[in-house]
Amino acid sequence: MIVALPVLQLLILPWAATFEQKNITLSVVDNDHSSFSRRLTEKVTSSGFFQLTDYSVSYDQALRSVEANRANLILEIPGHFENDLVREDQSQLMLSVNAVNGQVAGLGTAYITQIIQDFNLEIIEEAGYPNASLSKINVIPQFKYNPEMNYRNYMVPGIIVLLVTLMGGMLAALNIVREKEIGTIEQINVSPIPKAVFILGKLVPFWIMGLLILSLGLLVAWVIYGLSPVGDLGVIYLFSFFYILVFSGFGLLISTYSDSQQQAMFVAFFFLIIFFLLSGLFTPVSSMPGWAQKITLLNPVRYFVDVMRLVYMKGSGLADIIPQILSVTVFAVIFNMWAILNYKKTS
């Protein structure tokens, strides 16, 4: 553990915790359908920073892509875009940005604004203007869900997830192994209590403690930072019901394999560090390499981070988080069944 933990952190951290934003998803609303609008779209998508998710026929359709997390930015090209540039020497573009993650919003806006300025200079040079710095395209940005782009609004819900995960994972990992060390597990082993009932009995206290920690975190976020969810608070608690079962079961699974509390703590810490780095808590999953993005699908923390930010900042409802609920339910069944099967009742 002493050798493997720092090595794996060095292998994963530079890829996961990167502040370079790539593959920023983009939805284009082209109301002009001209050669200029096509050239601008090609220039943006060929830059390497943006990934075109769809061409939307209207702004409302593009906004649904943003609400469903399929797009981070909307570039709306108005009708008569080319005509205004050629005849009136100026035009406007509207940029609507998902500002839940202020860093992605800021960098994405800066990237696309620079690309539009380069396109602007190309048009000016083609037209033969003597003053190459003449501005012909005005970009009007609109930041949604986090207009002030306050980084606390993005990080605080994720930190609440971190605290709930630590409570469920670390304390549960120490539970059964502590009974092994002090000898009380022998009394359980010789009793007629089924393994499933024993593991369930161990889960319930940590499930209650996890909900208490969640409530405390939500209260601190409201009192200290003035943050309250735009959506229904009950959606967060419903998801937490399943999520806490995941890491309580995960901790108990580690405990069934461990012979000492020190061993259980090291193993739990080893996995939790990887879970946190690949959760999108600190940097967006979309900025990670393709192989890392696929690994995050096996990371329960990622789903809770998504849900917290969706409910807190977008006001998402139960129907919007059904995929995340189904995913963590699968994890809960796997970890708890594994813990039950692995626990051996010996006298």
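Atom CD of Gln61 has more than 12 heavy atoms from other residues, nucleotides or ligands within 6.0 Å. For NE2 of His80, the number of neighbouring non-hydrogen atoms (other residues, nucleotides, ligands) closer than 6.0 Å is 12 at most.
With contacts defined as side-chain heavy-atom distances shorter than 4.5 Å, the pair Leu26/Ile112 qualifies. Between Leu93 and Leu40 there is a side-chain heavy-atom pair separated by less than 4.5 Å. Counting only heavy atoms from C-beta outward, the side chains of Leu310 and Asp320 never approach each other to under 4.5 Å. Two residues are said to be in side-chain contact when any heavy atoms from C-beta on lie closer than 4.5 Å; Val177 and Asp259 fail this criterion. In this structure, the side chains of Asp84 and Gln90 stay at 4.5 Å or more apart for every pair of heavy atoms. Within the 4.5 Å cutoff, no side-chain heavy atoms of Met313 are placed close to those of Val230.
Following chains of ILVMFWY side-chain contacts shorter than 4.5 Å, one cannot reach Phe335 starting from Leu341, and the two form parts of different hydrophobic clusters. Cluster annotation: Val57 and Leu52 are assigned to distinct hydrophobic clusters (Ile/Leu/Val/Met/Phe/Trp/Tyr, side-chain heavy-atom contacts under 4.5 Å, transitive). Residues Trp222 and Leu163 are members of one and the same hydrophobic cluster, defined by side-chain heavy-atom contacts under 4.5 angstrom among Ile, Leu, Val, Met, Phe, Trp and Tyr.
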Requested in this report: List the steps and the verdict of side chain to side chain contact (heavy atoms under 4.5 Å, CB included) for Asn72 and Val97.
Outcome: CA-CA 6 Å; Asn72 288 316; Val97 187; over 6 Å; no
Report task. Would you sort out whether Asn31 and Ile77 count as a side chain to side chain contact (heavy atoms under 4.5 Å, CB included), showing the intermediate values? Result -> CA-CA 6 Å; Asn31 296 312; Ile77 304 173; 5.9 Å; no
Query raised in the report: Checking side chain to side chain contact (heavy atoms under 4.5 Å, CB included) for the pair Tyr59/Ser96: CA distance, chi angles, key distance, verdict?
Result: CA-CA 9 Å; Tyr59 176 80; Ser96 187; 3.1 Å; yes
Report task. Check the pair Ile24, Tyr111 against side chain to side chain contact (heavy atoms under 4.5 Å, CB included), reporting the backbone distance first and the verdict last. Result -> CA-CA 10 Å; Ile24 301 174; Tyr111 291 158; 4.0 Å; yes
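Remark: Asn342 CG to Ile254 CD1 distance equals 11.5 Å, nearest 0.5 Å. With values rounded to the nearest 0.5 angstrom, Met308 atom CE is found 11.5 Å from Leu162 atom CG. Atom CD1 of residue Ile321 and atom CG of residue Leu318 lie 5.5 Å apart, to the nearest 0.5 angstrom. Between atom CD of residue Glu76 and atom CG of residue Leu63 there is a gap of 11.0 Å, rounded to the nearest 0.5 Å. Going from atom CD of Gln51 over to atom OG of Ser27 covers 12.5 Å, rounded to the nearest 0.5 Å. Here OG of Ser327 is found 4.0 Å from OH of Tyr303. Values are rounded to the nearest 0.5 Å.
Heavy-atom minimum distance, Ser65 versus Asp54: OG-OD2, 3.1 Å. Phe50 approaches Gly108 most closely through the heavy-atom pair CZ-O, 3.5 Å. When all heavy atoms are compared, the tightest approach of Pro300 to Leu298 is CD-O, 3.5 Å. Heavy atoms only, all atoms of each residue included: Phe81 and Ser91 are closest at CD1-OG, 3.2 Å. What you find for Lys202 and Leu252 is that their closest heavy atoms are CB-CD1, 3.8 Å. Residues Ser248 and Trp207 share a closest heavy-atom pair of OG-N, 4.2 Å.
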Got a list of side-chain donor-acceptor pairs under 3.5 Å for residues 269-281, not counting sequence neighbours?
{"from": "Ser279", "atom 1": "OG", "to": "Phe276", "atom 2": "O", "distance (Å)": "2.8"}
{"from": "Ser279", "atom 1": "OG", "to": "Leu281", "atom 2": "N", "distance (Å)": "3.1"}

Which atom pairs, one a donor and one an acceptor, fall under 3.5 Å between side chains of residues 232-243 and the rest of the protein, sequence neighbours left out?
{"from": "Asp232", "atom 1": "OD1", "to": "Gly234", "atom 2": "N", "distance (Å)": "2.9"}
{"from": "Tyr237", "atom 1": "OH", "to": "Ser215", "atom 2": "OG", "distance (Å)": "2.6"}
{"from": "Ser240", "atom 1": "OG", "to": "Ile236", "atom 2": "O", "distance (Å)": "2.7"}
{"from": "Tyr243", "atom 1": "OH", "to": "Thr165", "atom 2": "OG1", "distance (Å)": "2.5"}

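Geometric assessment of Arg309 against the ring of Tyr312 yields a negative cation-pi assignment under the 6.0 Å and 45° thresholds.
Arg302 and Thr296 form a side-chain donor-acceptor contact under 3.5 Å, judged by distance and modelled atom types alone. Judged purely by distance below 3.5 Å, without hydrogens or angles, the side chains of Ser34 and Glu82 pair a donor atom with an acceptor atom. There is no side-chain donor-acceptor pair under 3.5 Å between Thr41 and Asp30.
Between Asp60 and Arg64, no side-chain nitrogen of the basic residue sits less than 4.0 Å from a carboxylate oxygen of the acidic one, so the salt-bridge criterion is not met.
A side-chain contact (heavy atoms from CB on, under 4.5 Å) with Asn98 is found for exactly one of Val66, Thr25, Ile74, namely Val66.
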